[in-house]
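Input: a single structure, listed below in structure tokens.
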Amino acid sequence: MTIDRRKFLAATAAGAAVAGSGSALAQQGPMRRIAVEEAWSFPEIMAMNRDIAVAGGDNLDLVQLRPPPGANPSASNPLVENLFDTDRRLEEMDRLGIDMHVLSLTSPGVQLLGRADAVRMASVANDRLARIVADRPARFGGLASFSPQDPAAAAREMERAIDQLGLHGFIVNSHTDNLYLDDPRFGPILEAAEALDRPIYIHPRCPSDGLAGPFRDNRLRAAIWGYAIETGTHAMRMILSDVFVRYPKLRIVLGHMGENVPYYLSRADHWYEYRPQSYEAKLKPSEVFLRNFAVTTSGFVHAPTLAYAVEVLGAENVLWAIDYPYEEMEPTVRFMDEVQLPGAVKRAIYGGNAAHLFKLPG
Ligand code: MN
């Protein structure tokens with residue numbers, strides 16, 4: 001669909017904010033810009049993951065992380081520098097008027113590690129992230145890591161991360177050892193998120209071993225297609241196995257405009273209703289998606305896709321994200337400033353929804 005600008009302008013008293021100039025926005029009070037899928041890392045976890053990748057294995061994340069043959073291990077990597085460097089990040093945020101990055105440990109986080117290392121490194125990551133957030137609470141939020149390899153320890157760490165460290169939600173990078181969150185062993189993790197009333201952001205990683213075959217060539221495994229198939233499949237597994245009947249208040253966030261799921265919802269609903277005897281799920285896919293999920297704009301600067309998400313999911317279920325440093329900040333700010341949406345809708349997507357969902361300060 002296309003957005004009729006005049007119709008939207010007329011539809012809301014906040015329409016003046018649509019123009020996107022600083023002064024027009026200022027008349028409406030401050031518009032908070034809060035980006036919620038912003039990657040961060042630290043040297044020890046990067047080294048551990050690289051060592052695991054170099055040791056071998058054909059899991060697609062290992063392939064992805066393995067340095068190409070002949071690569072110089074001491075060559076500087078600007079992407080890695082940007083994951084580590086919060087000062088440079090802040091300078092760019094200031095330049096563009098970005099209020100806050102909600103940081104999370106970059107994919108695949110602790111999920112390649114053995115059980116004991118994963119438990120330990122999730123705590124180390126959360127301690128370090130909490131320090132960054134505590135130093136600049138108005139500029140950085142944080143999503144806590146946890147170790148799906150040990151669900152009981154994960155649940156304890158999730159509690160610590162919110163209650164003691166003051167972090168704002170959780171991040172998991174899709175499957176762990178080829179298992180998805182619908183597996184009953186992960187019950188303590190879902191229970192903890194629901195009890196703490198904080199969302200789990202299901203961030204992509206490469207397709208699991210069972211999905212991997214057709215993603216092994218042409219770099220299909222990553223952002224161009226594989227991430228969305230892996231992560232969208234994760235969401236659909238949870239929806240169709242009634243995870244949200246067991247955890248009705250659990251909130252899940254998907255990046256990348258919902259990893260293709262929103263575009264497919266009407267067909268999923270159609271088959272659910274057309275062949276009810278074929279599905280065990282008690283709730284219609286769209287019913288669950290609208291109640292339990294939110295999506296972010298990470299990686300998308302495309303007005304028709306945003307308009308579709310707002311129309312189908314409701315503006316309250318769409319959050320702004322950049323995906324820095326994998327994506328640049330500036331085009332995403334320019335896109336949001338210029339995209340034609342009613343002022344109240346833009347305000348919600350740009351920061352209001354994030355502040356509410358993650359209980360951010362300010
Ligand atoms: Mn990302």
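Ligands are counted one by one from 1 in listed order, and the atoms in each one are counted from 1 as well.
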Subject >> Of the N, O or S atoms in Glu37, the one nearest the Mn ion (ligand 1) >> reply: OE2
Subject >> Qualifying residue, where the test is side chain to side chain donor-acceptor pair (under 3.5 Å) with His256 and the options are Thr305, Asp323, Thr297 >> reply: Asp323
**OP:** Tell me whether His256 has at least one N, O or S atom under 2.8 Å from the Mn ion (ligand 1).
**Re:** no
Subject >> For the Mn ion (ligand 1), the closest N/O/S atom belonging to Asp323 >> reply: OD1
Original post:
Are the ring centres of Tyr263 and Tyr308 closer than 6.0 Å?
Top reply: yes
**OP:** Give the minimum heavy-atom separation between Arg89 and Leu83, together with the two atoms involved.
**Re:** NH2-O, 3.9 Å
**OP:** Compute the centroid of each ring, for Phe244 and then for Phe293, and state whether the two points are separated by less than 6.0 Å.
**Re:** yes
